[in-house]
Visitor: 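My questions all concern the structure below.
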Protein chains: 2
Amino acid sequence: MPALKKKLEDRAAVIKALGHPSRLLIAEALMKGEMCVCDLKDLVGADMSTVSKHLTLMREAGVLNCEKRGLNIYYSLACDCLGDFLRCVDRLACGGKKTTCC
Amino acid sequence: MPALKKKLEDRAAVIKALGHPSRLLIAEALMKGEMCVCDLKDLVGADMSTVSKHLTLMREAGVLNCEKRGLNIYYSLACDCLGDFLRCVDRLACGGKKTTCC
DNA sequence: CATCTATTTGGCGAAATAGCCAAATAAAGC
DNA sequence: GCTTTATTTGGCTATTTCGCCAAATAGATG
């Protein structure tokens, strides 16, 4: 109900939509252009239904768009700002884990 | 074992560390400067142990640094590129969900 | 219309995550 | 050295997420 909470949850949903190895792989692949579900299935190497659910989640979070043409459904990134996004993630991931606290 | 998989998982861990309402709130607050756990507990409004676990997760993912001074432990963002990151997320979140497929 | 193809949906068990409580730790101050 | 204060850890349950399978849908093609 509180607007602030809803806003936080919407944004968390966007982030969550990218916070999974398969979905990250999908997002990176789509930076080079749209792809249909069966191609993404080959890329990810999981059951098509699994990939479809990942894609639905990403679309509902607002990260992906889709368009049907012929027999296939083509998915594409909803925003090209993801490049900077992933660069930032890379920088953080490279930092190496600090497993012990202060 | 495969290096690619590990890399994807590390990056997904960074993203996951931000993909939760409370952790997102924490990250935003820390953009303005470091804070100790008890202040963050007040901000989030959850049990201190819960907040502490969120912070540990974020630190282990490489998103936060911490430093002990006196009685308190101060947490801070490991990277200032998070501003752009969150702006991008905002843009995507504002797009509105597309609940129906093509 | 019957069929084929690409995709989504429903359902289920397994695994991961969240959040509370109580207990442990660690350093500070008396 | 004992107590107080700040934080983390362990343990537990409830919830969510993941990934497969089988079934349903939707549109193209014969």
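Quick note on labels: first sequence line is chain A, next is B, and so on, each numbered from 1. These numbers were taken from a predicted model, which means no experiment stands behind them.
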Visitor: Just the rounded figure in Å: distance from P of D/dC18 to NZ of A/Lys41.
Guide: 20 Å
Visitor: Expressed as a whole number of angstroms, how long is the span from A/Ile73:CD1 to C/dT5:P?
Guide: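 Taking atom P of C/dT5 as the reference, CD1 of A/Ile73 is at 17 Å.
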Visitor: Does a side-chain N or O from A/Tyr75 land closer than 4.0 Å to OP1 or OP2 of C/dA6, or not?
Guide: no
Visitor: If I take atom CD1 in residue B/Ile26 and atom P in nucleotide C/dA18, what distance separates them, rounded to the nearest angstrom?
Guide: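 It is 11 Å, rounded to the nearest whole Å.
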Visitor: B/Asp47 has a side chain; which of D/dG27, C/dT8, C/dC21 sits nearest to it?
Guide: C/dC21
Visitor: To the nearest angstrom, how far is B/Met58 atom CE from D/dT7 atom P?
Guide: 16 Å
Visitor: Just to confirm, is there a sub-4.0 Å distance from OP1 or OP2 of D/dT15 to any side-chain nitrogen or oxygen of B/His20?
Guide: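 Checking B/His20 against D/dT15: no side-chain N or O falls below 4.0 Å of OP1 or OP2.
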Visitor: Should the pair A/Arg69 and A/Tyr74 be classed as cation-pi, given the thresholds of under 6.0 Å to the six-membered ring centre and 45° from the axis?
Guide: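 Yes, a cation-pi geometry holds between A/Arg69 and A/Tyr74.
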Visitor: Rounded to whole Å, how long is the line connecting atom CD of B/Glu60 with atom P of D/dT8?
Guide: 11 Å
Visitor: Rounded at 0.5 Å granularity, tell me how far CE in B/Met31 sits from CD1 in B/Ile26.
Guide: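 With rounding to 0.5 Å, CE (B/Met31) is 14.5 Å from CD1 (B/Ile26).
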Visitor: With a 4.0 Å cutoff (strictly under), does any side-chain N or O of A/Lys16 reach OP1 or OP2 of D/dT16?
Guide: no
Visitor: Atom OH of B/Tyr74 to atom C1' of D/dA6: distance rounded to whole Å?
Guide: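 In whole Å, D/dA6 C1' lies 11 Å from B/Tyr74 OH.
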Visitor: Within the 4.0 Å heavy-atom criterion, would you say A/Ser49 contacts the bases, only the backbone, or no part of the nucleic acid?
Guide: base
Visitor: Please check: side-chain N/O of A/Arg23 versus main-chain N/O of A/Lys16, any donor-acceptor pairing under 3.5 Å?
Guide: yes
Visitor: Between A/Thr50 and D/dC20, does any side-chain N or O lie under 4.0 Å from OP1 or OP2?
Guide: yes
Visitor: Taking only side-chain N and O atoms of A/Ser52, does any of them lie within less than 4.0 angstrom of OP1 or OP2 on C/dT8?
Guide: yes
Visitor: Please report the shortest heavy-atom distance between A/Gly62 and A/Ala78, naming the atom on each side.
Guide: O-CB, 3.3 Å
Visitor: Less than 2.5 angstrom apart at the SG atoms, yes or no, for A/Cys88 and B/Cys79?
Guide: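 Taking the criterion (SG atoms under 2.5 Å apart), B/Cys79 and A/Cys88 fail it, so no.
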Visitor: C/dT17 C1' sits how many Å from B/Leu57 CG, rounded?
Guide: 9 Å
Visitor: Under 4.0 Å from OP1 or OP2 of C/dT5: is there any side-chain N or O of A/Asn72 that close?
Guide: no
Visitor: Whether A/Arg23 contacts D/dC18 is assessed here as follows: a side-chain N or O lying under 4.0 Å from the phosphate OP1 or OP2. Is that the case?
Guide: yes
Visitor: Counting just side-chain N and O atoms, does B/His54 come under 4.0 Å of either OP1 or OP2 of C/dT17?
Guide: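 Result: no.
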Visitor: Angle between the two end axes of the helix from C/dC1-D/dG30 to C/dC30-D/dG1, five base pairs per end, rounded to 10 degrees?
Guide: 20°
Visitor: Can you find a donor-acceptor N/O pair under 3.5 angstrom joining the side chain of A/Lys53 to the base of C/dG11?
Guide: yes
Visitor: Looking at NE2 of B/His54 and CG of B/Leu25, how far apart are the two atoms once the value is rounded to the nearest 0.5 Å?
Guide: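 Between atom NE2 of B/His54 and atom CG of B/Leu25 there are 10.5 Å.
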Visitor: Using the side-chain contact (heavy atoms from CB on, under 4.5 Å) definition, which of the options B/Leu24, B/Val89, B/Leu18 pairs with A/Val14?
Guide: B/Val89
Visitor: What is the distance from CD of A/Glu34 to P of C/dT7, rounded to the nearest Å?
Guide: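 These atoms are roughly 12 Å apart.
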Visitor: Salt-bridged, A/Arg87 to A/Asp84, with N to O below 4.0 Å?
Guide: yes
Visitor: Would you mind telling me which residue lines up with the more 5' stretch of DNA chain D, A/Gly70 or A/Ala46, judged by nearest nucleotide?
Guide: A/Ala46
Visitor: Taking the nucleotide of DNA chain C with the nearest heavy atom to each, does A/Asp39 or B/Gly45 sit closer to the 5' end?
Guide: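 Its nucleotide being nearer the 5' end, the pick is A/Asp39.
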